[in-house]
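Structure, as structure tokens:
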Amino acid sequence: MDRKDAFIKNINEGYNSKGESIILGGAILDGEALADAQVKIPLKTLNRHGLIAGATGTGKTKTIQVLSEQLSSLGIPVLMMDIKGDFSGIAKEGEEKAFITERHAKINIPYSTSSFPVELLTISEQNGVRLRATVSEFGPVLFSRILNLNDTQAGVVSVIFKYCDDNKMALLDLKDIKKVINYITEEGKDEIEENYGKISTSTTGTILRKIIELEQQGAELFFGEMSFDIEDLMRFDENGKGYVNIIRLTDIQDKPKLFSTFMLSLLAEIYQQMPEKGDMDQPELVIFIDEAHLIFNEASKTLLEQIETIVKLIRSKGVGVYFITQNPMDIPSGVLAQLGLKIQHALRAFTANDREAIKKTADNYPISEFYKTDEVLTSLGIGEALVTALNEKGIPTPLAATMMRAPMSRMDVLTESEIQEINNKSKLVKKYSELIDRESAYEMLNKKIAVAEQEVAEQEEEKLEKKEESKGPSTADVVGKSVLKVLTSATFIRGAFGVLSKMFKK
């Protein structure tokens, strides 16, 4: 058996699947795409998470588009966090072009165009389905980790949540928790000390500054009601295609704290609400997180541990999480170790640091007798990638340089009018457009403070009256009352009348 036949046999055996699978493309050997060696990913393993990496302009976005199309076609909803804003074209049918049909002929995959059902979501002021969550839904542990608080500060946050819980005060938005912090250090200081212990004002001051920092990145738009129901991510159109939910994040690229806050809260919410699924034939939902380095660069050690824990556990809920970034080294090793599918587009070696990063990247892939991995990484063309996945038994597949299939939908962004058209038709936009501001901790504490101030004012007035009474009448008052008594007496009046009568007679 010659080298080419051995390679084809290796790929076909390694990527063989008894159940349903999606086809990524055709394997490449010595620069040639082979029609008889298709790279397939079993649906059964798509909840084992993954990585899509590569330099700018090498085809990462188109790979995500292809994956999302294949998933949607098979009735699997997708959630895509779109930082750059170049993913929305999936809502419109693509255009068949000569270079696309030629590519597909090489890898023996028929090409057709199609559009896919899309919801446009937002956590900022952009138009779309508004995503919100309440502070209470975060809970004290997650909220503390997002703020990067130490143990002492996190303990105070736990007291705040407990106090609000005990007093039936809802923590909906950031103004609620800011109000509680001010209250427990001022008007309610004695009440808190009596029931929960003494709290340092320097600690509450630090927590307040951290909240303001988060607020300055636009988090006040995210915290509040009505909360987004994750069931609305698991929808299908009339043809049975899974919805592709695109979170438009183009205006928060410079707000990584808000992005990581939102991402972690969403993963935590999905994990908490979705039931255990066990070993499924296909995932319930697949999440793509673009520009993942924005999360990890800003994350504290505790936040990274939280992300790693959720990634480990969420797959049992039937959810696959895929990180998209330029360099695999952007992903912490603890998270990287959890990723079953790796799609690595080309890396560029411009500096010594780049070459070192390429060597480290190559070490993360299975050894192949057909490739020198570090050399292949720098020679891949646009729309080509190194692929390794897990087969249905959970065993890593052979490393395959792959010519990726082209997207069936538009490989360009939507126009503003097309975005508006999608939003106008959306049921979810109408459902989540109303901002609810029901009575919560902010309003309840303001009332409590007002009542307390009124009581204090009444007590002060009562004290003043009692003080005046306790002094007794003054000398002037006594003299005045005596004179008035004399002047109004009958004897005085008769005497005065007699004197006046004599005067008039004279």
Side-chain angles (χ1 to χ4, degrees), residues 1-46 48-55 58-60 62-67 69-71 103-109 111 320 322-324 327-328 336 339-347 358-407:
M1 185 183 297
D2 64 14
R3 185 167 179 269
K4 181 177 178 180
D5 289 338
F7 175 77
I8 292 172
K9 182 175 183 291
N10 186 47
I11 295 298
N12 287 336
E13 288 179 354
Y15 288 90
N16 182 45
S17 176
K18 292 180 180 178
E20 277 203 276
S21 59
I22 61 175
I23 302 175
L24 291 184
I28 300 170
L29 180 67
D30 300 329
E32 179 190 358
L34 305 175
D36 298 328
Q38 291 184 340
V39 177
K40 303 175 183 179
I41 311 299
L43 290 187
K44 191 178 179 68
T45 65
L46 283 174
R48 298 297 185 94
H49 315 314
L51 169 73
I52 297 133
T58 55
K60 295 192 301 296
K62 301 302 178 284
T63 294
I64 305 161
Q65 200 166 336
V66 164
L67 284 167
E69 290 174 351
Q70 300 300 306
L71 292 165
R103 168 184 283 257
H104 275 247
K106 289 179 181 177
I107 56 180
N108 194 26
I109 301 174
Y111 182 75
Y322 289 76
F323 298 96
I324 300 102
N327 194 309
L336 198 60
L339 310 182
L341 173 63
K342 295 187 180 74
I343 301 175
Q344 177 66 60
H345 287 269
L347 292 173
I358 288 169
K359 288 179 182 178
K360 288 181 179 179
T361 300
D363 291 339
N364 284 311
Y365 289 89
I367 295 171
S368 172
E369 61 180 288
F370 300 100
Y371 304 116
K372 288 185 178 179
T373 308
D374 55 343
E375 292 179 5
V376 175
L377 283 172
T378 58
S379 62
L380 291 166
I382 296 172
E384 297 175 355
L386 279 175
V387 176
T388 182
L390 296 176
N391 66 19
E392 289 171 319
K393 294 180 180 179
I395 301 168
T397 60
L399 188 64
T402 307
M403 180 176 283
M404 307 294 287
R405 68 188 298 170

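Quick note: numbers below take in every heavy atom, side chains included, and nothing from hydrogens, waters or symmetry partners. Bear in mind that the values here come from a model prediction, so they are computed numbers and not experimental data.
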Please tabulate, for side-chain N and O atoms in residues 33-43, each donor-acceptor pair with protein atoms closer than 3.5 Å (sequence neighbours left out).
from: Gln38; atom 1: NE2; to: Ile107; atom 2: O; distance (Å): 3.1
from: Gln38; atom 1: NE2; to: Asn108; atom 2: O; distance (Å): 3.0

For the student: nearest non-hydrogen atoms of [X] and [Y], plus distance:
X      : Y      : result
Ala400 : Tyr15  : CB-OH, 3.9 Å
Gly54  : Leu347 : CA-CD2, 4.2 Å
Thr361 : Pro328 : CG2-CG, 3.6 Å
Ala346 : Thr58  : O-CG2, 3.7 Å
Leu46  : Tyr322 : O-OH, 2.9 Å
His345 : Thr63  : NE2-OG1, 2.7 Å

*Could you walk me through whether Leu341 and Val387 pass the side chain to side chain contact (heavy atoms under 4.5 Å, CB included) test, one step at a time?*
CA-CA 8 Å; Leu341 173 63; Val387 176; 4.2 Å; yes
Rounded to the nearest 0.5 Å, what separation is found between the [atom1] atom of [X] and the [atom2] atom of [Y]?
X      : Y      : atom1 : atom2 : answer
Ser21  : Asn391 : OG    : CG    : 12.0 Å
Lys393 : Lys44  : NZ    : NZ    : 12.0 Å
Leu390 : Thr397 : CG    : OG1   : 7.5 Å
Ile8   : Ile11  : CD1   : CD1   : 9.5 Å
Ser379 : Tyr371 : OG    : OH    : 10.0 Å
Ile324 : Ile52  : CD1   : CD1   : 4.5 Å

*With sequence neighbours left out, what residues match Asp30 under side chain to side chain contact (heavy atoms under 4.5 Å, CB included)?*
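Partners of Asp30 under the side chain to side chain contact (heavy atoms under 4.5 Å, CB included) test: Arg3.
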Next on the checklist: For a quick check under 3.5 Å, do Thr388 and Tyr365 share a side-chain donor-acceptor pair by atom type?
Outcome noted: no
Compare all side-chain heavy atoms of Leu67 with those of Leu24 and state whether any distance is below 4.5 angstrom. yes
* To do: Take Leu380 and Leu386 through the side chain to side chain contact (heavy atoms under 4.5 Å, CB included) test and state the conclusion after the steps.
  => CA-CA 8 Å; Leu380 291 166; Leu386 279 175; 4.3 Å; yes
For this session: Apply the side-chain contact (heavy atoms from CB on, under 4.5 Å) test between Gln344 and each candidate in Leu399, Asn327, Leu377; give the one that qualifies.
Result: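 So the option named by the test is Leu377.
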Practice task
Please check if the side chain of Arg405 supplies one atom and the backbone of Val66 the other of a donor-acceptor pair under 3.5 Å.
Solution key: no
Take Lys62 and Met404 through the side chain to side chain contact (heavy atoms under 4.5 Å, CB included) test and state the conclusion after the steps. CA-CA 9 Å; Lys62 301 302 178 284; Met404 307 294 287; over 6 Å; no
Exercise for the section: Give the intermediate values and the outcome of side chain to side chain contact (heavy atoms under 4.5 Å, CB included) for residues Phe323 and Leu336. Expected result: CA-CA 9 Å; Phe323 298 96; Leu336 198 60; over 6 Å; no
